[in-house]
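What follows is a set of notes on a single structure, which appears directly below.
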Amino acid sequence: MKKIEAIIKPFKLDEVKEALIESDITGITVNEVKGHGRQQGHTELYRGAEYVVDFLPKVKLEIFVNDEFVDKTVEIILENARTGKIGDGKIFISHVEEAIRIRTGERGHDAV
Amino acid sequence: MKKIEAIIKPFKLDEVKEALIESDITGITVNEVKGHGRQQGHTELYRGAEYVVDFLPKVKLEIFVNDEFVDKTVEIILENARTGKIGDGKIFISHVEEAIRIRTGERGHDAV
Amino acid sequence: MKKIEAIIKPFKLDEVKEALIESDITGITVNEVKGHGRQQGHTELYRGAEYVVDFLPKVKLEIFVNDEFVDKTVEIILENARTGKIGDGKIFISHVEEAIRIRTGERGHDAV
Amino acid sequence: MLFKILSILGIASFAFAGELNTGDTAWMMISTALVLLMTPAGLAMFYAGMTRSKNALNTTAMVAGAFVVGFSAWIIAGYSLAFSDGNAFIGGLKNIFLNGISWKDLSGTYPTYVFIAFQGMFAAITVAIASGSIIGRMKYVTWLIFAFIWILVVYAPIAHMVWGGGFLMNKGTLDFAGGTVVHMNGGLAGLVLAILIGKRKGYGRIAFKPMSVMLASLGAALLWFGWFGFNAGSAFGANAIAGLAFLTTAFAPAIAAITWMILEYIVYKRITLLGAISGIVAGLVGITPAAGFVNMFGALIIGLGSSIIAFWGVVWLKKKFGYDDALDAFGVHFLAGLYGALAVAFLAIKDNDLLWDGPLKATGSRLAQFGVQLESVVIVSIYTAIGTVLVYYIASLITGGARVSEEEEIEGLDEAIHGEKSINL
Amino acid sequence: MLFKILSILGIASFAFAGELNTGDTAWMMISTALVLLMTPAGLAMFYAGMTRSKNALNTTAMVAGAFVVGFSAWIIAGYSLAFSDGNAFIGGLKNIFLNGISWKDLSGTYPTYVFIAFQGMFAAITVAIASGSIIGRMKYVTWLIFAFIWILVVYAPIAHMVWGGGFLMNKGTLDFAGGTVVHMNGGLAGLVLAILIGKRKGYGRIAFKPMSVMLASLGAALLWFGWFGFNAGSAFGANAIAGLAFLTTAFAPAIAAITWMILEYIVYKRITLLGAISGIVAGLVGITPAAGFVNMFGALIIGLGSSIIAFWGVVWLKKKFGYDDALDAFGVHFLAGLYGALAVAFLAIKDNDLLWDGPLKATGSRLAQFGVQLESVVIVSIYTAIGTVLVYYIASLITGGARVSEEEEIEGLDEAIHGEKSINL
Amino acid sequence: MLFKILSILGIASFAFAGELNTGDTAWMMISTALVLLMTPAGLAMFYAGMTRSKNALNTTAMVAGAFVVGFSAWIIAGYSLAFSDGNAFIGGLKNIFLNGISWKDLSGTYPTYVFIAFQGMFAAITVAIASGSIIGRMKYVTWLIFAFIWILVVYAPIAHMVWGGGFLMNKGTLDFAGGTVVHMNGGLAGLVLAILIGKRKGYGRIAFKPMSVMLASLGAALLWFGWFGFNAGSAFGANAIAGLAFLTTAFAPAIAAITWMILEYIVYKRITLLGAISGIVAGLVGITPAAGFVNMFGALIIGLGSSIIAFWGVVWLKKKFGYDDALDAFGVHFLAGLYGALAVAFLAIKDNDLLWDGPLKATGSRLAQFGVQLESVVIVSIYTAIGTVLVYYIASLITGGARVSEEEEIEGLDEAIHGEKSINL
Ligand SMILES: Nc1ncnc2c1ncn2[C@@H]1O[C@H](COP(=O)(O)OP(=O)(O)O)[C@@H](O)[C@H]1O
Ligand SMILES: Nc1ncnc2c1ncn2[C@@H]1O[C@H](COP(=O)(O)OP(=O)(O)O)[C@@H](O)[C@H]1O
Ligand SMILES: Nc1ncnc2c1ncn2[C@@H]1O[C@H](COP(=O)(O)OP(=O)(O)O)[C@@H](O)[C@H]1O
């Protein structure tokens with residue numbers, strides 16, 4: 001079982017979501033975050049003070065999948081979140097030991 | 001040391017929190033997220049346009065515990081977050097290598 | 001490759017961020033969370049009802065780094081997030097299996 | 001009230017009955033507009049700001065909905081039931097839909113149509129005030145139906161009794177701008193509803209965080225602004241009495257706000273913005289029945305007392321009896337209104353150019369006046385309570401129960417009922 | 001219009017031409033202030049609240065910017081082009097920059113300067129209304145330049161034709177407070193712009209969540225409040241006609257709000273706050289051309305019909321033709337304005353103290369009046385459409401295109417263009 | 001000022017001294033209500049919207065608290081110290097608590113009570129303006145005590161000197177509606193406080209993001225609306241001078257907003273909403289001392305200049321000297337007020353029906369008038385500066401220091417001091 005964390009541009013969320021759901025990857029948790037990376041933020045003005053906004057709004061997807069779904073999930077995200085411009089974000093994969101569905105108490109593979 | 005991530009219904013947060021604290025599991029970090037799963041969102045109207053809200057508000061708890069506390073924590077969440085209806089959410093457990101308390105610099109078991 | 005999660009006091013974010021960037025740790029994702037721990041919340045009033053706010057605003061940093069950067073990153077956070085008072089927060093480290101840069105498709109070490 | 005108006009005007013302005021005076025007309029029109037502003041802007045933001053964010057939009061909708069329904073009911077039949085010839089308790093039906101009233105008709109020195117609009121704003125805000133007690137748990141359609149019927153069955157008769165030629169008016173009750181008719185009436189209706197519909201889930205256990213006290217304070221400021229129309233407009237002309245009512249409406253709430261802040265500081269060692277604006281509103285309510293009768297000293301005592309009694313109502317009384325008067329329509333509007341309505345007997349200046357016909361004017365006896373005041377608050381309260389229960393059950397029956405489902409309540413009425421959110425970031 | 005004003009005043013107030021009347025002056029000043037409030041406060045919050053949060057601040061800036069630019073254009077040349085002597089289509093240049101007008105001059109019974117300010121507020125809100133159709137995709141500088149030129153090229157001539165002594169005025173069009181000049185004009189300009197500039201990215205596919213319907217409802221309440229100045233101020237004095245316009249401006253929107261809620265309930269089984277306030281605004285627009293001409297029955301029919309037609313415009317027509325009239329400036333302002341402007345021919349009371357010179361007054365023929373009404377809405381519409389296209393291309397040319405880049409649109413205009421956010425938490 | 005009022009009224013309206021005029025009374029009441037609206041609604045939202053979200057509620061509370069305390073101080077003793085008979089510097093004590101003034105008394109053609117309320121609103125807003133310089137770091141109780149004493153020790157004497165029969169009034173200073181008394185006074189008090197209390201932690205280093213410029217713009221719109229009462233109300237009647245003041249109060253801010261936008265566009269290649277509304281407020285401040293004295297050309301120059309000087313103050317001067325004038329009370333109110341107060345000497349129309357007694361009216365010499373204007377701004381500034389220092393130390397002493405603890409400042413005053421949040425989502 002793996003956890004896939006994908007940090008993407010907010011306006012790509014809808015496309016990614018729809019593509020995932022079409023491929024039956026329906027369990028998704030979304031988090032609004034702010035990111036710092038290579039992408040440069042824009043400047044903001046405030047009564048004559050100019051400052052750079054260095055944290056940009058990003059969306060983080062967390063998707064827990066059984067191992068056999070990892071590749072497909074990653075592929076879909078790569079395809080749908082890419083604009084080709086700096087700031088497109090990253091995907092990280094890590095190992096998860098257990099999953100439990102609260103409603104039923106199911107564990108493991110079936111719970112994901 | 002484990003990280004327990006529990007995605008639950010927002011209105012269950014208070015109950016879960018109180019139950020955890022009573023059992024001396026006091027270190028909790030809470031995150032407001034939006035979730036997609038089997039639960040159907042409601043429809044919203046906007047000047048005649050009807051659309052389905054497919055991301056529902058959820059709360060994600062992150063609790064880092066030493067291994068001996070994992071079962072108790074999971075149990076408490078299961079008990080207190082369950083409504084029996086679709087959308088109750090899930091618990092995921094993964095391995096954590098190190099913990100450090102910023103204030104004191106303590107590491108490992110004591111830092112959790 | 002590791003994931004470093006640091007839960008810190010919100011007003012320390014700027015200092016930590018600047019110190020990290022100066023040391024060339026530039027990939028950072030920031031999350032506004034609420035935390036419960038040993039720190040006592042303040043009381044709030046509402047039309048005569050007094051209640052304790054037990055979740056305090058915290059900021060969670062997520063930084064994915066290659067193994068050789070872990071120590072430096074932790075050190076910088078420890079130095080810059082510490083106030084010495086209760087509620088300074090914690091750092092957790094866990095293993096990550098894979099990283100992918102969405103823009104280029106690069107994987108592994110280079111993608112972080 | 002028409003008789004009173006004429007006698008007041010005879011003294012304080014230079015208008016001749018039967019002739020339109022442009023200054024009075026201008027003042028009454030702007031006053032009416034100000035009172036409109038109080039409901040969908042002032043009260044709506046004041047209430048919504050104090051509500052949990054999941055119910056804030058619904059609160060706004062309750063207030064705005066009550067306003068449009070209430071004002072429509074007023075034009076359709078409420079005005080006639082309140083102000084056309086009738087008996088001691090209720091007016092007649094001859095002005096249904098304003099039948100028989102022409103745009104050229106005058107009420108004193110300004111158009112009757114403006115008088116009708118002014119009074120309609122009072123009716124509509126009264127029922128909107130009541131919504132404050134029951135936010136977060138009532139079906140929206142039930143509420144709208146309740147509001148419509150309540151205007152006709154509860155508000156109109158009370159307005160008739162006190163202002164429209166009914167028996168309380170003839171006894172000489174002093175109620176300058178609606179302490180009994182509006183604030184006690186609306187506040188008590190709120191309490192009755194709160195008891196009938198029951199508490200919100202989690203009441204007293206979970207912290208109900210107000211969406212935005214800052215928004216509530218904008219609402220309070222708009223209320224204050226509008227209240228100059230409410231109170232100084234109740235002089236029915238741009239005259240010296242209006243000037244008096246204007247000044248007391250500025251001073252009493254300022255004192256009341258300071259009083260509430262001091263009480264908070266003493267009791268909680270902390271001054272809140274919610275406290276300051278609660279004081280302002282309590283002071284405004286308290287001065288309402290007295291605005292054109294008291295001098296600065298009277299306004300001071302009214303400001304002080306209104307805050308103290310409302311603070312007590314909100315902090316102590318509500319806890320003691322455990323009812324869920326969500327936004328304190330009863331604690332603030334009823335209690336401060338009651339206080340003002342009774343205090344006026346002792347604080348009214350003995351100046352026959354100001355006093356309305358009644359015991360104080362006739363005999364100079366404050367105690368006799370107090371008796372009349374007491375009688376009128378008791379009668380209004382009893383009538384309101386009984387009428388509100390009745391209308392509640394009717395509205396409830398029509399809509400198959402008045403309360404939303406538990407799930408809807410937990411999800412929040414904004415999304416569950418309206419499918420909208422107060423803020424999308 | 002000046003002639004009309006004088007004749008109205010002769011009947012309804014006691015002022016003598018040439019003498020300042022303080023009541024009329026007070027009423028016209030406060031009315032003007034109320035109409036100011038409608039734009040940077042009322043319309044700005046109404047529109048911004050309905051916009052996605054990433055464009056809400058830009059929406060506010062579009063409205064506020066249109067206001068300051070539009071009002072300035074009015075003083076600089078617009079007033080002269082609309083109200084100084086000219087031909088059947090447009091006024092002259094002799095009052096450029098208010099040249100030749102003294103602060104002592106009177107317009108009827110109140111200062112001409114107040115008349116100029118009052119009319120300037122109308123001009124400014126008209127162009128601001130149009131912004132509602134095109135939010136979320138237009139360059140800010142293009143918009144400001146558009147607003148300036150549009151006031152001179154489109155608004156001023158139309159105001160001259162209908163109110164300033166032009167040929168539509170002489171035909172006897174009934175337009176009490178600007179159904180054609182303001183609402184149809186602004187609403188249609190909006191539609192034309194929306195078509196010229198194209199749809200927002202993702203329109204019809206992505207849910208465009210309104211930032212805050214609650215804020216929009218505060219805006220609607222401020223609009224309603226200000227509209228009393230707009231409509232009752234259009235009686236140009238504190239007189240009985242103002243009183244009539246006042247009451248209909250309170251009643252019709254209340255009925256319209258209820259109507260919209262009922263329509264929603266029937267169609268969607270759900271009542272929204274956005275629906276309620278859309279109804280209020282539709283009712284306000286609809287009653288505008290008719291406010292001082294109809295009685296309660298007329299106001300009821302206007303309220304009902306305005307809501308029905310605007311609901312249809314917003315829910316059906318827009319979907320059918322697929323244009324992106326973002327905040328429904330066309331759907332609400334044009335359609336309800338059109339309905340009101342036509343309905344007035346059938347609903348106006350036959351009372352020669354109210355009616356303006358025209359077929360209905362002269363011959364009593366509603367059909368003849370309808371013909372004149374129809375003619376004026378057609379002519380105004382054609383002129384608006386052509387003029388707006390022209391001005392759009394000029395402004396577009398000056399600024400190298402009217403539309404923001406795709407990236408800016410996606411990021412949201414608040415940050416991309418202004419470097420600001422509607423809310424920082 | 002009473003003398004001036006009478007002479008103005010004699011010319012511009014038809015009222016006879018000693019008789020209440022309903023139109024004037026209506027106008028003065030609504031003007032007073034409008035000025036009330038400016039503080040707890042307009043200024044509060046304008047300021048709170050520009051504050052970081054952790055201090056926004058506190059900012060609202062500072063403004064609202066200053067208002068209720070300031071107005072109360074005015075009734076208790078301020079009015080007497082400003083307007084009752086006294087010497088060249090300060091009035092007497094005979095009208096303490098309005099002692100000796102009856103509700104029937106007239107001030108010209110409207111009730112004295114309305115005059116007192118109107119002036120009280122001016123006093124209260126003046127101290128509220130000062131709060132803008134020091135938000136985010138002052139103890140709330142210190143602030144309330146400061147506000148109370150400051151009204152009596154600083155504001156009342158200045159009002160007496162310039163308007164209440166003191167020596168600056170007798171020299172013939174032209175200050176139509178309070179450029180010196182209100183804006184320079186409040187703005188300079190702000191600067192003095194900002195210097196005394198020190199900078200906010202992180203000032204100049206961390207980006208202080210405004211909570212909501214959109215909210216600030218709602219505040220600015222409400223300010224503009226209220227300012228018609230402020231300026232046109234300062235004609236003390238519904239007369240032609242009021243009409244002039246009304247129109248300039250509409251035009252100058254529109255020009256000032258455009259000016260600020262152009263400056264931003266030149267300097268930063270970006271137009272912000274904050275810039276637009278800063279321009280509006282600068283224009284409003286600048287036109288205040290000149291509103292009833294200048295024609296459209298004068299209003300244009302005032303609008304242009306006010307924006308330029310305030311832009312320079314905010315962007316350059318503040319940076320240069322490094323003081324932390326948080327919301328630019330000094331940069332906008334003092335500087336634009338100063339500019340307007342001086343410019344009026346050169347821009348006032350030479351029309352003796354408009355001019356107040358003074359050098360320009362007597363001799364036609366603009367330079368001589370400029371001398372008087374200069375003298376009065378210098379004297380007011382010196383007195384304000386000294387008085388403010390004094391009152392600051394007194395208030396500070398009573399409350400054991402004026403500044404909150406570092407922790408409280410970091411946490412944010414909303415939660416740390418009031419235990420409240422501006423928004424709970
Ligand atoms: N090492 C990292 N750890 C945590 N978050 C990261 C890391 N690298 C990138 N991110 C996140 O991804 C976002 C995009 O990264 P950025 O470097 O701007 O562009 P790109 O991925 O196209 O090179 C950042 O804003 C940040 O939120
Ligand atoms: N595989 C998953 N990965 C990430 N989040 C998930 C996953 N499955 C469920 N969730 C989260 O849990 C929530 C509840 O899941 P849902 O399928 O609606 O109900 P249930 O858990 O009762 O079957 C979702 O809204 C989503 O936030
Ligand atoms: N075991 C834990 N699991 C998750 N979050 C934790 C844990 N312990 C602490 N935290 C987070 O760290 C924050 C600070 O912890 P706290 O106990 O208050 O202070 P300190 O770390 O100084 O002892 C908490 O508010 C919470 O967000």
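Labels below follow one simple rule: chain letters A, B, ... track the order of the sequence lines, proteins then strands, and each chain is numbered from 1.
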List the atom of [X], the atom of [Y], and the distance in Å for their closest heavy-atom pair.
X        : Y        : result
C/Val59  : C/Pro10  : CG2-CA, 3.9 Å
A/Ile7   : A/Phe92  : CD1-CE1, 4.1 Å
C/Gly105 : C/Ile100 : O-CG2, 4.0 Å

Test item: A/Asp88 side-chain N/O and A/Thr83 main-chain N/O as donor-acceptor pair under 3.5 Å: yes
Please classify the contact of A/Lys2 with chain C as side chain, backbone, both or neither, using a heavy-atom distance under 4.5 Å.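 The side chain, not the backbone.
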Measure A/Leu56 against the heavy atoms of chain C and call it side chain, backbone, both or neither at under 4.5 Å.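 Interface part for A/Leu56: neither.
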Could you have a look at C/Arg103, C/Glu62, C/Arg107, C/Glu97 and say which one has the most heavy-atom pairs with chain A under 4.5 angstrom?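 Top count of heavy-atom pairs under 4.5 Å with chain A: C/Arg103.
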Could you tell me which of C/Glu32, C/Met1, C/Lys17 has the largest number of non-hydrogen atom pairs under 4.5 Å with chain A? C/Lys17
Do A/Thr26 and A/Leu20 touch side chain to side chain, with heavy atoms closer than 4.5 Å?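 Not in contact.
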Where does [X] contact chain A at under 4.5 Å (heavy atoms): side chain, backbone, both or neither?
X        : answer
C/Glu106 : neither
C/Ile21  : side chain
C/Ala111 : backbone
C/Ile25  : neither

Would you call the rings of C/Phe55 and C/His36 parallel, tilted or perpendicular, taking 30° and 60° as the class edges? perpendicular
Pair A/Glu15 + A/Lys12, salt bridge at N-O below 4.0 Å: yes
Greatest number of non-hydrogen atom pairs under 4.5 angstrom with chain C, of A/Lys58, A/Glu79, A/Lys60, A/Lys3, falls to A/Lys60
Select, from A/Ser94, A/Gly37, A/Gly89, A/Gly35, the one with the greatest count of heavy-atom pairs under 4.5 Å involving chain C. A/Gly89
